[in-house]
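All figures in this text were calculated on a predicted structure; none of them were measured in a lab.
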Amino acid sequence: MDRAFIILGALFAGLSVAVGAFGAHGLRGRVDAALLANFETGARYHMYHALALFVVAWAVQRWPSSQLPPLAGWLFIAGILLFAGSLYAMALTGQRWLGAVTPLGGVAFLVAWGLLAFTAWRGA
């Protein structure tokens, strides 16, 4: 399981770089400043949580009997898809209603970080 999260973390991090470059070079001047800022926020949080998958991989190795680190990893992935994905889609389509999806990704991020903290506090 730890290997899967390392692979996914690397893939999501690379995708974040590509998406960020697309936003910086392909969207500037094509979408309004507010939507571009949303896109950039999505790329930033995308990268943060791609890197968090490496923390998950470490936690899976550290506490192999706990099911919480893998759950945190899947929540980070869901958060990337919902939070960053909705911001990307909103910037690309101009459909601001997609912003209603963004907080669901934010909640997934918060729960995932909480699970990792709880796992470390509990020690298993």
From [X] [atom1] over to [Y] [atom2], what is the distance, rounded to the nearest 0.5 angstrom?
{"X": "L116", "Y": "L75", "atom1": "CG", "atom2": "CG", "result": "9.5 Å"}
{"X": "L27", "Y": "L36", "atom1": "CG", "atom2": "CG", "result": "6.5 Å"}
{"X": "L15", "Y": "L11", "atom1": "CG", "atom2": "CG", "result": "8.5 Å"}
{"X": "R30", "Y": "L92", "atom1": "CZ", "atom2": "CG", "result": "11.5 Å"}
{"X": "L51", "Y": "H49", "atom1": "CG", "atom2": "NE2", "result": "10.0 Å"}

| message | I'd like to know if the side chain of W63 reaches the main chain of P69, judged simply by a donor and an acceptor atom lying under 3.5 Å from each other, with no hydrogens or angles considered. | response |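 Not confirmed, W63 side chain does not pair with P69 backbone.
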| query | Counting N and O atoms only, with roles assigned by atom type, does the side chain of S86 sit under 3.5 Å from a partner on the main chain of V101, one being a donor and the other an acceptor? | reply |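 No, S86 side chain to V101 backbone: no donor-acceptor pair under 3.5 Å.
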| field | Centroid-centroid under 6.0 Å between F5 and F54 rings | value |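 Between F5 and F54, the centre distance exceeds or equals 6.0 Å.
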| field | Ring centre gap for W113 and F76 strictly below 6.0 Å | value | yes
Where [X] and [Y] come nearest, the two heavy atoms and their spacing:
{"X": "S66", "Y": "R122", "result": "OG-NH2, 3.6 Å"}
{"X": "A72", "Y": "A112", "result": "O-CB, 3.4 Å"}
{"X": "M90", "Y": "N38", "result": "CE-ND2, 3.3 Å"}
{"X": "A13", "Y": "A50", "result": "N-CB, 3.4 Å"}
{"X": "S16", "Y": "A43", "result": "OG-O, 3.1 Å"}

| task | Classify the ring geometry between H46 and F12 as parallel (under 30°), tilted (30 to 60°) or perpendicular (over 60°). | result | perpendicular
| request: Could you check whether the rings of F118 and W121 sit parallel, tilted or perpendicular, using 30° and 60° as the cut-offs? | output: tilted
Out of curiosity, does [Y] fall in the hydrophobic cluster containing [X] (side-chain heavy atoms, cut-off under 4.5 Å, transitive links)?
{"X": "V19", "Y": "M47", "value": "no"}
{"X": "L82", "Y": "V56", "value": "no"}
{"X": "L68", "Y": "V107", "value": "yes"}

| message | If you count every heavy atom of other residues, nucleotides or ligands that lies below 6.0 Å from Y45 atom OH, does the total exceed 12? | response |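 Counting other residues, nucleotides and ligands, OH of Y45 stays at 12 neighbours or fewer.
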What I'd like to find out is whether the side chain of [X] reaches to under 4.5 Å of the side chain of [Y], using heavy atoms alone.
{"X": "P70", "Y": "V60", "answer": "yes"}
{"X": "L35", "Y": "R96", "answer": "yes"}
{"X": "R62", "Y": "T119", "answer": "no"}
{"X": "L53", "Y": "I6", "answer": "no"}

| request: Go through the steps for L104 and F83 under the test side-chain contact (heavy atoms from CB on, under 4.5 Å), then give the verdict. | output: CA-CA 7 Å; L104 298 174; F83 185 90; over 6 Å; no
